[in-house]
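Report on the structure given below.
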Amino acid sequence: MAALRALVVGIAIVAAAAHCWVAGGTATKGPVTYVFGDSMSDVGNNNYFQLSLARSNYPWYGIDYPNGVATGRFTNGRTIGDYMAAKFGIPPPPPFLSLSLADDDFLAGVNFASGGAGILNETGVYFVEYFSFDEQISCFETVKRAMIAKIGKEAAEETVNAAMFQIGLGSNDYINNFLQPFMADGTTYTHDQFIRLLVATLDRQLKRLYGLGARKVAFNGLPPLGCIPSQRVKSATGECIAQVNSYAVQFNAAAKKLLDGMNARLPGAQMALADCYSVVKELIDHPQRNGFTTSDTSCCGVDTKVGGLCLPDSTPCRDRKAYVFWDAYHTSDAANRVIADRLWAGMTTASAPAPAPRSGAPGPAAVPAPSPRRA
């Protein structure tokens, strides 16, 4: 966690000392943030994909979000990223597909995450329409070109070099790929071979981001995937599946080694692994100690339903704050708050300067983007 602490403290210092570009050409304090990921980080991009099977823009999602609106977040309220943004003193970066590159809103940060995405391009193909990680990087490349056109190459490079890149991917590569009997990767590769494929692909992708100016990268390690409700129901005892958890631990170790190697080889790189595994495992193993009552099933009771989502015909639990999991795959708003608190506590020090909050909200408009991935 020391590398991640140094990374975030460095960003806080830069944000407190330097001005960042925001809408209207004015300047304010706060780190520009770019988010890449899957449904744990998606804040509405998949809403714009009419054919996507990975969408959550309907009740009961968003019931605990401001105004009770379903925004496309795969939880009942805020995501971990929303809570982390608040700790940085900034609004959550808006979804890429809600923005217009003709305006200035994208200069303050963008969320490219898309439900169903994985590190591998073949992951999640049965969701039909979504942004893979490679496509999310292409979207960022589009944003970078627009930045250069608006504020000049030097200012754009400085902004991107100082920005925080938050990446949360890999869960779908297991849950919706390697562990699925109808997907080729699970039968083509041993687990050791699959990890090598994941790491080699991630290596190429992170180098591509580095080439586009990314220097400060926080990569979220996998949580204990064997303990999510959709996996527990596959166990005869209802307990966590140890082998799946072992896969997550092995991947996290390989990812950390990759990030450490990049820091050693790439000038200026500050890339670190966030230990989501330990944080989430603590909530699952000791729910009462952390303010919850239930961690082995979902609030919506959809553990065995196809898709595992909290559809409008579901019946959510009465006390949503008592459950670690909202649906069969995603943590609840209450859990996301605690997870963000724990990650932040491990990343920062009491003496680190805090970024000042900034205001401003995106306006919905069309944006030219790479074509979404289709099966």
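Because the structure is a prediction, the values reported are computed rather than measured.
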query: Between Ile241 and Lys234, is any pair of side-chain heavy atoms under 4.5 Å apart?
result: yes
- prompt: Looking only at heavy atoms, which two atoms of Arg73 and Pro92 are closest? And how far apart?
  reply: NH2-CB, 4.2 Å
task: Indicate, with yes or no, if Val43 and Ile339 share a hydrophobic cluster defined by side-chain heavy-atom contacts under 4.5 Å among Ile, Leu, Val, Met, Phe, Trp and Tyr.
output: no
Main-chain N/O of Leu120 paired to Asp173 side chain as donor or acceptor, under 3.5 Å: yes
- line: Of all heavy-atom pairs linking Tyr130 and Gly124, the shortest is CE2-O, 3.2 Å
query: Under 4.5 Å between any side-chain heavy atoms of His330 and Leu309, yes or no?
result: yes
- request: Examine distances only and state if a side-chain atom of Asp42 and a backbone atom of Asn45 form a donor-acceptor pair shorter than 3.5 Å.
  value: yes
message: Test of understanding: with disulfide (SG to SG under 2.5 Å), list the residues that count as partners of Cys227, not counting sequence neighbours.
response: Cys240
- request: Consider only side-chain heavy atoms of I, L, V, M, F, W and Y, link residues closer than 4.5 Å, and tell whether Phe219 and Tyr210 are in one cluster.
  value: yes
query: Where the side chain of Ser114 meets the backbone of Ala117, is there a donor-acceptor pair that is under 3.5 Å apart?
result: no
- request: Could you please spell out the steps behind the side chain to side chain donor-acceptor pair (under 3.5 Å) verdict for Asp333 and Thr75?
  value: CA-CA 6 Å; Asp333 172 89; Thr75 186; over 6 Å; no
- line: Closest non-hydrogen contact found for Gly72 with Asn47 is CA-OD1, 3.5 Å
- prompt: Below 4.5 Å, heavy atoms only, C-beta onward: do Leu209 and Ile167 meet side chain to side chain?
  reply: yes
field: Same apolar cluster (I L V M F W Y, side chains within < 4.5 Å links), Tyr323/Ile228
entry: no
- prompt: Who are the side chain to side chain donor-acceptor pair (under 3.5 Å) partners of Ser235, not counting sequence neighbours?
  reply: Thr237
query: Is there a donor-acceptor pair under 3.5 Å between the side chain of Asn76 and the backbone N or O of Ser332?
result: no
- prompt: Under a 4.0 Å N-O cut-off, is there an ion pair linking Glu157 with Lys144?
  reply: yes
query: So which heavy atom on Phe96 is nearest to which on Val143, and how close?
result: CE1-CG2, 3.6 Å
message: My understanding is that only residues two or more places apart in sequence, or in another chain, count here; which of them pass ring pair (Phe, Tyr, Trp, His ring centres under 6.0 Å) with His191?
response: Tyr174, Phe178, Tyr247
- request: Quick one: do Arg215 and Met271 satisfy side chain to side chain contact (heavy atoms under 4.5 Å, CB included)? Show the steps, please.
  value: CA-CA 7 Å; Arg215 296 294 181 268; Met271 303 186 183; over 6 Å; no
task: Check the pair Thr201, Gln205 against side chain to side chain donor-acceptor pair (under 3.5 Å), reporting the backbone distance first and the verdict last.
output: CA-CA 6 Å; Thr201 305; Gln205 292 162 333; 6.0 Å; no
task: Please examine the side chains of Thr123 and Met183, heavy atoms only from C-beta on, and report whether any two atoms are closer than 4.5 Å.
output: no
- request: Kindly indicate whether the side chain of Asp313, heavy atoms from C-beta on, has any atom under 4.5 Å from the side chain of Lys305.
  value: yes
query: Quick one: does Trp344's side chain have a donor or acceptor within less than 3.5 Å of a partner on Met84's backbone?
result: no
query: Has Arg320 got more than 12 heavy atoms of other residues, nucleotides or ligands less than 6.0 Å from its CZ?
result: yes
message: With heavy-atom distances below 4.5 Å as the criterion, would you say the side chains of Val110 and Phe36 are in contact?
response: no
task: Determine, stepwise, if the pair Leu283 / Arg289 fulfils side chain to side chain contact (heavy atoms under 4.5 Å, CB included).
output: CA-CA 8 Å; Leu283 302 191; Arg289 183 189 300 174; over 6 Å; no
message: Tell me whether Lys281 is salt-bridged to Asp275, with the criterion being a basic N under 4.0 Å from an acidic carboxylate O.
response: no
message: Check Asp104 with Lys150, please: is the shortest side-chain N to carboxylate O separation under 4.0 Å?
response: yes
- prompt: Salt bridge between Asp341 and Arg337, side-chain N to carboxylate O under 4.0 Å?
  reply: no
- prompt: Who passes ring pair (Phe, Tyr, Trp, His ring centres under 6.0 Å) against Tyr34, sequence neighbours left out?
  reply: Phe140, Phe165
statement: Value for CG (Asp82) from OG1 (Thr79), rounded to nearest 0.5 Å, stands at 3.5 Å
query: When rounded to the nearest 0.5 angstrom, what distance separates CG in Leu101 from CZ in Phe106?
result: 5.5 Å
query: Any donor and acceptor pair, going by atom type alone, linking the side chain of Asp38 with main-chain N or O of Met40 inside 3.5 Å?
result: yes
query: Closest approach of Val35 and Ser41, non-hydrogen atoms and distance?
result: CG1-CB, 3.9 Å
query: With a cut-off of 6.0 Å (strictly less than), are more than 12 heavy atoms of other residues, nucleotides or ligands near CZ of Arg204?
result: yes
- request: Assess the side chains of Glu135 and Ser132: does a donor N or O sit below 3.5 Å from an acceptor N or O?
  value: yes
query: If you round to the nearest 0.5 Å, how far is NZ of Lys216 from CE of Met164?
result: 9.5 Å
query: For Leu258 and Leu206, what are the C-alpha separation, side-chain angles and deciding distance, and is it a side chain to side chain contact (heavy atoms under 4.5 Å, CB included)?
result: CA-CA 10 Å; Leu258 171 66; Leu206 292 178; 4.3 Å; yes
- prompt: Cys139 and Phe112: which non-hydrogen atoms are nearest, and at how many Å?
  reply: CB-CD2, 3.6 Å
query: Mind checking whether Ile195 and Val249 sit in one hydrophobic cluster, side chains of I, L, V, M, F, W, Y counted as touching below 4.5 Å?
result: no
message: Between Gln166 and Asn220, is the side chain to side chain contact (heavy atoms under 4.5 Å, CB included) condition met? List the steps.
response: CA-CA 8 Å; Gln166 297 179 351; Asn220 293 337; 5.8 Å; no
message: So, using side-chain contact (heavy atoms from CB on, under 4.5 Å) as the criterion, who are the partners of Arg208 when residues are at least two apart?
response: Asp134, Ile137, Ser138, Glu141
- prompt: Is Tyr277 close to Leu222 at the side-chain level, that is, under 4.5 Å between some pair of heavy atoms?
  reply: no
- request: Examine distances only and state if a side-chain atom of Asn161 and a backbone atom of Gly213 form a donor-acceptor pair shorter than 3.5 Å.
  value: yes
query: When clusters are formed by joining ILVMFWY residues with side-chain heavy atoms under 4.5 Å apart, either directly or through shared neighbours, do Leu273 and Met262 land in the same one?
result: yes
query: Backbone N or O of Pro95 within a donor-acceptor pair of the Ser98 side chain at under 3.5 Å?
result: yes
query: Should we count NZ of Lys321 as having more than 12 external heavy atoms under 6.0 Å?
result: no
message: Under the criterion disulfide (SG to SG under 2.5 Å), I'd like the reasoning laid out for Cys317 against Cys300: C-alpha separation, chi angles, the key distance, then a yes or no.
response: CA-CA 6 Å; Cys317 57; Cys300 284; over 6 Å; no
Check: Gly37 main-chain N/O paired with Gln136 side-chain donor or acceptor under 3.5 Å: yes
- line: Applying side chain to side chain donor-acceptor pair (under 3.5 Å) to Tyr61 and not counting sequence neighbours gives Asp327
message: Take a 6.0 Å sphere around CD of Glu154 and say whether it holds more than 12 heavy atoms from other residues, nucleotides or ligands.
response: no
field: Check: Thr159 side chain, Ala155 main-chain N or O, donor-acceptor pair, under 3.5 Å
entry: yes
